[in-house]
There are 2 protein chains.
Amino acid sequence: MDKNLTTKERLIQAASVIFAEKGYRDTTVAEICDAAGANIAAVNYHFGDKSNLYCQVWEYLFEQSAAKYPLPTDLIETDPEAWLRHFIRSRVEQIFDTDIHHRLPQLLHREMGEPTEMHESLFEKYLQPSHQRVSKAIRLLIGPGISENQLKLAHLNFMSLHIFLNVGHQKNKTNCQCRHRLPSTENPAELARQVEAFAIGGLLATRDLIHNTGNLS
Amino acid sequence: MDKNLTTKERLIQAASVIFAEKGYRDTTVAEICDAAGANIAAVNYHFGDKSNLYCQVWEYLFEQSAAKYPLPTDLIETDPEAWLRHFIRSRVEQIFDTDIHHRLPQLLHREMGEPTEMHESLFEKYLQPSHQRVSKAIRLLIGPGISENQLKLAHLNFMSLHIFLNVGHQKNKTNCQCRHRLPSTENPAELARQVEAFAIGGLLATRDLIHNTGNLS
DNA sequence: AAATATTTCAAATGGCCATTTGAAATGGGT
DNA sequence: ACCCATTTCAAATGGCCATTTGAAATATTT
């Protein structure tokens, strides 16, 4: 561990990796301190407690990711389909990033599996903005006929694709042989194309369903 | 708790509910015994340990579910699309079942979020069969041009829809206000129709992608 | 009803882990 | 070199929880 960094910085960096790999609960303060080359009491001295360090890790990883994978802003009104295609590609890319940037989706994956006490506030702070844009884009794509409930469900379906891709990718890293593993992926771009096709195909089919049967709530 | 049942039976029934609601780790042996009206030592006496009780719960819930929601067998060769449509409807139905039957998807949801030590063996025993049939149906639907990797990904995409529906439904039951909640669902059948449309639309779009660009690995 | 096996019980035991503590080391300013 | 603030340290502390224990109660057998 780089001794040019302060203990506090080393703790955040070590914690980022370990929290992302094992989740909040399976990570012990002791092993973070070990990895950071710090004393067992360092986390409580510098951050108050484990949960606060966890929040700082979110802050840190979010900043890193937002810089490399920004959401496009324009396009969304003029061509929602293109915006959604870009969105999903960008997410898939990030999931397969080999740098620090893949730690955010990884952490997210853990947080979904076993939500911490900080769940609500973290999601509100870091995920709400992109969530609202995706929602808007889907509404524009499907058209004005969609109800709130239908929109929420279409949104959920859309998001589930890359979220679950992440799940499969994480499983791939363990020795777990069960289903829902991803094929070993030498070519993320090709994989992204297929997910993109599925996602847009699903949304367009949803649009057809909604527009061809007028009696849905 | 019904005193006509043996302590062992009461333990399994109480554990089914609590494990499904809170997951393996967040469930304490003490609260299971409480709910079953049994002594704190009852789990270890009747089952050896907590993990073995958990496996018995899987066995119990799986039997219940398999009886009410069997997989169709024929159809799959003659009309894979219809088979897949039926499959997804059946799963959505089960997720919204109000009886004991919704506990299996709920338990599954917990097991995915924080896999236990028994993960591998449970999945192999209870999920492998349906997994293979879905795989077969998707291959038949898309056609012979699909590679193993493409099939795995299409399968993952397909499954992610109802698995994530389950996630959203579980969130709905908590007071969690965050994204990925489902709209309050007074009408599961209508919801199932929309998921079905998305799923099949996604698969067909995947088929088009694969057949229109021959150079994918 | 005596003898034996099974089941229930309340009170330990022991492991794990976040957090605390108070002393020791370190560093900057004078 | 001395003072004071900051940081590091090893060794407690205390809570939580699965599991064990050995005695008491209950059921079954003869």
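Each chain gets a letter, A, B and so on, in the order the sequences are listed, and its residues count up from 1. Heavy atoms only: backbone and side chains are in, while hydrogens, waters and symmetry mates are out.
- Annotation: His131(B) is not in aromatic contact with Phe123(B) [ring centroid separation under 6.0 Å not met].
- Residue-to-nucleotide proximity on DNA chain C shows that, of Ala41(A) and Tyr45(B), the 5′-proximal contact is made by Tyr45(B).
- Between Tyr126(B) and Phe62(B), the two ring planes are tilted [angle within 30° to 60°].
- No donor-acceptor pair under 3.5 Å is formed between the side chain of Lys152(A) and the backbone N or O of Ser135(A).
- Scanning DNA chain C 5' to 3' for nucleotides with an atom closer than 4.0 angstrom to a non-hydrogen atom of chain A gives a first and last hit of dC17(C) to dT21(C).
- Considering only heavy atoms from C-beta on, Tyr24(B) comes within 4.5 Å of Lys50(B) through its side chain.
- Classification of the Phe198(B)-Phe198(A) ring pair by plane angle, with boundaries at 30° and 60°, yields tilted.
- Residues His169(B) and Phe96(B) place their aromatic rings such that the two centres sit under 6.0 Å apart.
- Remark: Glu59(B) pairs with Lys125(B) by the salt bridge (Lys or Arg N to Asp or Glu O under 4.0 Å) rule, at least two apart or across chains.
- Looking at residues 18-27 of chain A, you'll see that no heavy atom sits under 4.0 Å from any atom of DNA chain D.
- With contacts defined as side-chain heavy-atom distances shorter than 4.5 Å, the pair Thr7(A)/Tyr45(A) does not qualify.
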